[in-house]
Amino acid sequence: MSHILLSQVSKSFKGATIFENVNFAVEKGKIYGIIGPNGSGKSVLFKLICGFMFPDHGSVIVDGEELGANKRFPSNFGIIIDRPGYIAGKTGFDNLKALALIRNKINDDKIKQTMRMVGLNPESTQKVKHYSLGMKQKLAIAQAIMEDQQTLILDEPFNALDADSVETIRHLLRKFREEGRTILLTSHNQEDIDVLCDEVYRINRFKLEKVKG
Amino acid sequence: MTRTVKNKWKDFVNELLTFKWILFGAVIYIYGLRAKEHMYVASFQTKLLLNKWDLLHSFFGNIYLILYFILPVFLYRSISIIISDFDYTVLIRFGSYRSWVYATLVRFIQSLSISMIVWGAVSGVLSIGAPSFAGWSPFSKLDGSLSETQILQKFIDSPFLALLLHFALLILSVSCIHLILAIIYVKWKKRGIIVFTAILIWVYGGVSFKLLPHHSLFNLCNYLILHSGAVQFGNIWGSFTMVTGLMILLIWMVNRLDLNMKGYSWRYVVFIALIVMALWSGMREKAGETIWDQFLFMFIGGSNQAFYFKSFLCYWVLYFGFIYWVQLYLQKELSEMGYYKLLRYQSITRWFWRWYHKIMLYIGLYLFALALLALFISSLKRFSFDFYVSIDRSVTLLEVFYHFFVNGYLQISFYVLFVFLISWLSKETFYSLVGLAILSFFMLPGLNNWGIVPSGLNSMAYLFADYSVYRISIVLSLWNVLEIVFLLYVFHKQDLDF
C-alpha cells in the first residue's frame, strides 16, 4: 500500500487549471523531488497532500485514509509550506517551544538538540525579528523535524542557506532516508534534486511527469 | 510537568502585567467611579441603603460598559488570536481545523479570564467603603429598575449566584462570537471578512440596544447581560437556553469543518435559511387578512416615514444578501480577467455587457423566486387568497406588483452597478461591501427625506408614504443611467492593469 496516494486529482483556481486527473503514489523511505516552473503548482500539490486544500475531483489518501473523510490533516508530518508565521518578539527556542507544546511530545533538550543540528544556537537571546533569512529558514527546518516526523514535506528547504548549511541539511535528509522516513521536496537548484532524490517528478501540462527513478 | 505549569503561570503573570491590561483596568476604573456615584445618588434619593453587591453588579453588568468597551476589546482579542494562530505549521500539529478552533477558544477564554481578573480587581477597589455583603440590600429590594440588583433580586435569591450566572452568560455568549469568527476565518481565510464581521457584530449590538425594544429577541444585550435577558424572557434561563442552542449549532458546524463536502456548498443552504427566516419573521399575523398584506409586510423595508429595525435587517438579508452573491460572481470574473480574454471580446464594454446581461436575468429570476416563496409562506399561515390589500384599501395590487418587480429590479440593478464600480476602481471587492453598508445607512429615518438617495427605495413602506411608485422608478432609472455612463467613462479613461 502506498504511503501517500493521489488518485485522479484535479484542482483549479479561479478558473485556472493547476492539476488535471493526476495520479501519484509515494512509497515510504524515499526522497521525492518535485520540479516545475514558478506557479506550476508545487505548493498546491503539497497543500493537497497535507489536507490544507481539497481537490475539486479525485482523492488524496494517506496511510489508507482519505483526507476529508474522517481526518483532515495527516499525522506525523513535518512541513515547510509558505513562510512559517513566527512570533517575531520571541527567540528561536521560544518559537519552537510554543509549537512543541501543541503536541507536548518532546522536551526542551530535544528542541535544543534539533536547533544545534540545523546550525542554530539554542541559548541565543536573539529575537526572531532580528534573524537573517537563512536563520529563519533553519528555524523552519527545525520545526519540521524536531518531533521526529516520519514524513517531511519541504517546499524549497534550501532557500537562503549558505553552502555549508546546504551541505548540513543534505546530510541530515540522507540520514532521515536511511532511517526510513519519507521526504517530498521542491528546489530550484537542480543539484539538490540530483544528489538527494530517488524519484523526480516534473509538473507539466497539469500532470506529474516522472523524470527520474 | 511542574516546569510546564510554572512556565504557564509565569506567562500568565507576564500577560497580566502588560500595558494593555493596565489600560483596560484604568478605563474600567474611570467608568466605575461614575457608576458608583450614580448608585450613591440613587440610594440617597430613595433613602434605601445599598451594599457591596449593588456596586459589584453595577460594575459587572453595566450595559454601556459592556457594549461599548468590553465587547470591542473581546472582539479584538478574538480576532488577534485567530489570525496569529492560523499557520500551516500550527495546523498540521493540531491535526484538524476542529482541534485548532477549540485551541483558539481555550486561548480566548484564558484571555477572558485575565480581563475578568482585572475587571474584578478594579471593581473590588471601587467597592471599598460600601456597606459589607449581606444578601440583597434594602436598595435592591425596592420594586423598581433603578439598578441591576433591583431586577435580578426578583429572579435569584443569592446576589453571589446572580453574579456567577452573569459571568457564565457573558463568557458563553462571547465564546459563541469567537466560534463564529473562527469558523468564518477557516472557511474564507481572509482577514478583511472577519474584521468586517466583528465590526458588524459590534455595530449590531449598539444599534439593537438603541433601536430595538428591550424585550426583543434580537437585542444582543439580552445575551450578554443577565439582568437584561431576565427582563426580556421573564426568567433567567431564557437567555441561557438561546445561547446554549447557538453554541450547540456552532459546535455542530465546527465538527463539520474538516469534512470534504464536494459539490455541496453550505453557503447556499445558509442563505436560503436566512431568506426563509427573514420572510417568516416579517409576517404580522395580527394585522391584515390576505396573503398580499403579508407580502407587503415581508418586504416592508423602511421609508423616511416608517422604520422598523427588524424590517431593516430583513431587507439586508433579502437584497444585500443577493448582492453578496453577485459580488462573489464578480470577484470570480475579475480574477479571471486578463488581456487575453479582453482581446477576444475586443472591448471592455462588450465584456461588461455580456456579464451584465447574465446579471439582469438573475435579478429577474431572484425577484420572481422571492415573490413565490413569500406567498407560499404566508399561505401556510392560512391567510386569505382574495385579491386585495386589506390594511390599506387605497393600495392596489397592480401598484404592489409594479413596486416589487419594477422598482425592485431597478434598485437591485443599482446596487449591482454600485458594487461593480467600487470593485473595478479599487480592485478590492471588499470595499464594495463597505460601500453598501454605508449606502444602507440612508434607509435610517430622516436621512432620505426627498427619496432621491437610491437606498432601499424598493421597500414596500414607500407604498404608504407620500411618493408615487412611478416617481421612484424615474429616480432609480436616472441613477442607473448615471452609473452606466460613469462606468463607460471609466472604461475608456482608465488604463487596464490586471
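Note on naming: letters A, B, ... go to the chains in the order of the sequence lines (proteins, then strands), and numbering restarts at 1 for each one. Quick note: numbers below take in every heavy atom, side chains included, and nothing from hydrogens, waters or symmetry partners. Values in this document were obtained by computation on a predicted structure and should not be read as measured data.
- Using a 4.0 Å cut-off between charged nitrogen and carboxylate oxygen, A:Glu123 and A:Arg116 count as a salt-bridge pair.
- The existence of a salt bridge linking B:Asp85 and B:Arg107 is confirmed by a sub-4.0 Å separation between a basic side-chain nitrogen and an acidic carboxylate oxygen.
- Heavy-atom distances place the side chain of B:Asp87, and not its backbone, under 4.5 Å from chain A.
- For chain B, the nearby part of A:Ile102 is the side chain; its heavy atoms alone come within less than 4.5 Å.
- Only the side chain of A:Asp82 comes within contact range of chain B, judged by heavy atoms closer than 4.5 Å.
- Under a 4.0 Å N-O distance rule, the pair A:Glu66/A:Lys71 does not qualify as a salt bridge.
- The cationic group of A:Arg72 does not satisfy the cation-pi geometry with B:Tyr97, failing either the under 6.0 Å distance to the six-membered ring centre or the 45° limit from the ring axis.
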